[in-house]
Each structure stands twice: as structure tokens, then as C-alpha cells.
Amino acid sequence: MGVSPDTPLDQITSLTAAGRVDLELLDQNLALAGDRLVVDADDDQAELFGDPLDPDRWATATQTDDRGPSTLAGPQLVFRQADRSARVPGPGTLTTPLPTDQSPDRQIAKSPSQLAVAWQRGMAFFDTAGQAHFIGNVTATTQQPNATSQLTADDLRLNFTPYTDEHTAIDPNTPQANREPSDRLGPQPPNRDIAKSPNQQRQLLTASATSPAGDTPPAFTYAARDPDTDQLLTRLTLQGDALNLDNTNADQPTLTVPSPGRLLLEDYRPNAASEPREDAGPTDPLAAFSGRGATLILFNDTLLLTAGPNTLDANGNVQLVHQPADSKDPNRATQLDTQRLVVDLADRADLGPMFTNSAADQSPNREIAKSPNVEVDQIDAHGAVRIVDGTRRVNTDHLRYTARDNTAWLWADPGRSTRVTDDRYPAGLSGQSIYWDLSRDRLELRRPGPGLLPIPE
């Protein structure tokens, strides 16, 4: 049909624009750019096309609010008003600024943070359902001041609080003539309410990252660098066949790896916060786990990280290996093997990069932009416990290490014994349980068994 400046909006049922299209919707702070725009109000759909061979000429939809511009880009963008959805049937990118913290006590507000998501096969976003789905070599990168976090997977699914406001979502079966005039010209892009109400931003509820069997498993990496030298300070890398985030309990969000995987913690900070404790003894294997260097945790069954109480629970042939950063012997490493490893992290430990909904943490006095600071408060190991540190070996069934007083309690199941040996000497110590003062390298035996006392140094 022909359209003139006097044509009422409720009479426009379709619109096609070709050539270089630039459309700005001022009431929504939205700008569309592409080579062709097709709007069909009867089908409740708008399509924006760009050049599929040139990412620099992809179709784009950019919305600007008080945080800055957010841009969705791809060879084809499809919008529907009924479910407030946006789809990209192919490769694409999404860039958006993350909310800044409004509290003057929080460090993160000093600089803005940016989220960039890229995919190869497709993306679907359903605002009224609170769902988003990214497929094909997905990379989600968050850039914070002096720190970067990145999630890689083949499939990423997000669930968040659905869109609600005073307007009821349009039933797609509602006849065109019965719709309000403002809804007649087809769909509006998702999140338009953010531009009007910045405080109504979405809350991430759950996230699931997976990859097909045989492909590179999903991985999450968080790294912090020195702002002056660009030197790596800390890095956390978590990898498994699936990574599942559950933020429905905001006080205790969890990250689960329901499969074999690995967690690598690297701490190369030169400051006192990462130095080993002053009371650490000369043969202090457990104390070394919280010092500078690299700590690798391998597990065969599952791993559960819980923020709030700050706990790590790994199961199934767990192996923890720590290599100190300042060791005179680059080949020396301390190893702990067990069937279950539970680590209580100190109150000051920061799991924020994995659990926060955005770059702005919701709890006071958190400084999540600094670095992933994971310091051990207590270690519990259960089942086939073995510690190897240099020439020394410890074998038992259970272990509890307490960082506060730098002690370890080792005990065996009934009818079994705890044994401490050294490769340099023919005999060692054994008993049903052993109390180990690591600061003084002093051992107390309960129900001692055969052995040589003491183990020579």
C-alpha cells in the first residue's frame, strides 16, 4: 500500500526499505542500520538484513541508555513483539556495558565494564520468557578494569527474570485490527524498558554451558593483571564437560561441574596478601596450598563451588597439586590425593567473578574487580588420602587442615592406620590418628603403631 506522511500508523500493515537503511526510534533510544528492512505487522515480525560476507556491514540494532550503547549485530536480525524476542539465524555478536556499582564504598564503580558475546550458528532471545540461547563456538568476554573473564562453549543457555511492566504482552493470535496503534508497526527490540527504567535490569537466574562430546569442553577463565606493568597477577581456569550456574538463591549461588574436570588457580602477586604464612614450617606441605604459585585440582565426578559460605567440594579420584612460585626447585610440587576434597575459603576469598550477575556486586564491601582471591581457611579430605611432598609420604583415610593454627588432624578408619614415611629412611610413623603441628613439624600419635621415632631430618 502507499504511505504518506498523513497515513495513520494503525493502517500500516507492512513496510520494506531497501538500499542503505538507517532508522532511529527516538522514543526507544534505538538505532537500526542495514541494507534492507522488512516489517510485516500481520506476522508480527521485522527483519533487518546486512551483508553476510562482510561483518563490518552486518545489520545492527543499537540501544543506548545511561550505561552506554548496546549493539546486536549479524547478517540477519529478526524481531517479534508478541514474545519480545530477537533472533540471529547465523553468526553474530552482542556487546553491552555492564551496570556500574552505585555505592561509593565499592571499587568497581571507578571504570565501566563491557560484555561481548560472539557465536557462529545462531542466537535466540525471549524477553517475556526470560531465556537466551547462543549456539556455535560461543565466547562471552567481560572486560573489567585490569581484569578479564571469558567463558567459551559450543552451547550457552541463560535464564533470567522475565520482562514485566504495565503493558501486557501481545497474544500473537490477536487480530491486527484489535491491537493498539503503538503496537501495529511490528515488533520492538528486547530490553527497551532498560532505557526508560535503568533500575529494572535483568537478574541472571541460571546459566548452562556445554559442548558436544569430543569437542573442547566449556571453560571459564578469570585473569587480573598489574595496571602498570601488565604482569599477570592471578588467574582462575575452570573446565568441564558442562558448567552450570544457579543463582536462584542470591545469598548462596552455586557453580556445578557435573562431570570430570579441572580447576587451576594461579597466584603470582608479589604483595604480602599472597605470601606464605610466617609460621609455616620447613616441611609444611598443606600450608603451601594457600601460598603463591599454581594449584591444580583434578576430579573425576563432580565439583561444586558455593559462594556465600565460599566452599569448594570436589569428588571422585581428586588430585590437588601445588607448585610454589618461589620454590628453588622448579620441579618440586606438593600433591594431595583423595576421593573427596572440601575446601572452606576464608571470608576474604572472592568468588565474585563467577557468581555476580554483572560487574557490580550486590553485597557491600566486595571488591570483585581486583582479582580472584582464593585463600584457604580449612581443607577436609576423605577416602584414600595421600600427601606427597618431596621425599615425605602421608597415607590415611581422613584429613582436616586448619589454616588458622596451621595444624592437621589425620585419622584412619577402625582397623586401619595412618602412616607417615620418608623415602630417605627405612621406617616411619604409624598410628590410628596423628595430630600434626606444621609450624614446628611436630607430630603427636594416638594409638601408635610400629615405626621409628623420630623421623630424622
Residue list, side chain to side chain donor-acceptor pair (under 3.5 Å) with T216, at least two apart or on another chain: none

Separation of L245 CG from N247 CG (nearest 0.5 Å): 5.5 Å

Pair H398-D380, side-chain donor/acceptor within less than 3.5 Å: no

Taking every non-hydrogen atom, the tightest pair across F134 and A132: CE1-CB, 4.0 Å

Side-chain H-bond candidate by donor/acceptor type, T391 with D422, under 3.5 Å: yes

For Q150, the option from T142, T141, T221 that meets side chain to side chain donor-acceptor pair (under 3.5 Å): T141

Worked check of side chain to side chain contact (heavy atoms under 4.5 Å, CB included) between L410 and V385: CA-CA 9 Å; L410 306 97; V385 177; 5.7 Å; no

Test item: L265 and L236 side chains (from C-beta on) under 4.5 Å apart, heavy atoms: yes

Test log, rule side chain to side chain contact (heavy atoms under 4.5 Å, CB included), inputs L341 and V343: CA-CA 6 Å; L341 179 69; V343 180; 3.9 Å; yes

Steps toward side chain to side chain contact (heavy atoms under 4.5 Å, CB included) verdict (L151, Y222): CA-CA 9 Å; L151 174 67; Y222 184 88; over 6 Å; no

CD-OG1 distance between Q143 and T148, expressed to the nearest 0.5 angstrom: 3.5 Å

Smallest separation among heavy atoms of L156 and A209, with atom names: CD1-CB, 4.2 Å

Greater than 12 external heavy atoms within 6.0 Å of R393's CZ: yes

Pairwise side-chain contact, F299 with D301, heavy-atom cut-off 4.5 Å (strictly under): no

Test side chain to side chain donor-acceptor pair (under 3.5 Å) applied to S208 - qualifying residues, sequence neighbours left out: N244

Smallest separation among heavy atoms of D127 and F160, with atom names: OD1-CE1, 3.9 Å

pair V321-Q335: side-chain heavy atoms closer than 4.5 Å: yes

Under 3.5 Å: donor-acceptor pair, side chain of D51, backbone of R57: no

Verdict with supporting geometry, L336 and T334, side chain to side chain contact (heavy atoms under 4.5 Å, CB included): CA-CA 7 Å; L336 169 63; T334 301; over 6 Å; no

Validation row: D377, N310 side chains within 4.5 angstrom (heavy atoms): no

Minimum-distance pair of heavy atoms, taken over all atoms of A242 and T210: CB-CG2, 3.9 Å

Heavy-atom pair of closest approach, residues L72 and L77: O-CD1, 3.7 Å

L312 side chain reached by I297 side chain, heavy atoms, under 4.5 Å: yes

Distance-only polar pair, side chains of D65 and Q63, donor-acceptor under 3.5 Å: no

Distance in Å, E444 CD paired with D437 CG, rounded so as to fall on 0.5 Å steps: 8.0 Å

Rounded distance [0.5 Å steps], OG in S70 versus CD in Q114: 7.5 Å

Aromatic ring pairing H382/W411, orientation class (parallel under 30°, perpendicular over 60°, tilted between): perpendicular

Note: D337-R386 ion pair, threshold 4.0 Å (strictly below): yes

Main-chain N/O of A381 paired with T338 side-chain donor or acceptor, under 3.5 Å: no

Partner set under salt bridge (charged side-chain N to carboxylate O under 4.0 Å, His left out) for E24, not counting sequence neighbours: none

Student check: side-chain heavy atoms of T256 and D246 closer than 4.5 Å: no

N137 side chain near D154 side chain, heavy-atom distance below 4.5 Å: yes

Validation row: V394, I434 side chains within 4.5 angstrom (heavy atoms): no

Qualifying residue for side-chain contact (heavy atoms from CB on, under 4.5 Å) with Q339, from N300, N317, V318: N317

Smallest separation among heavy atoms of T418 and S433, with atom names: OG1-CA, 4.3 Å

Atom pair CZ (F79) and CZ (R84), whose distance is rounded to the nearest 0.5 Å: 11.5 Å

Short side-chain to backbone donor-acceptor contact, R235 and A223, under 3.5 Å: no

Side-chain (Q432) to main-chain (P414) donor-acceptor, under 3.5 angstrom: no

W58 side-chain N/O to F49 backbone N/O, donor-acceptor pair under 3.5 Å: no

Inter-residue atom distance T152.OG1 - Q239.CD, 0.5 Å rounding: 7.5 Å

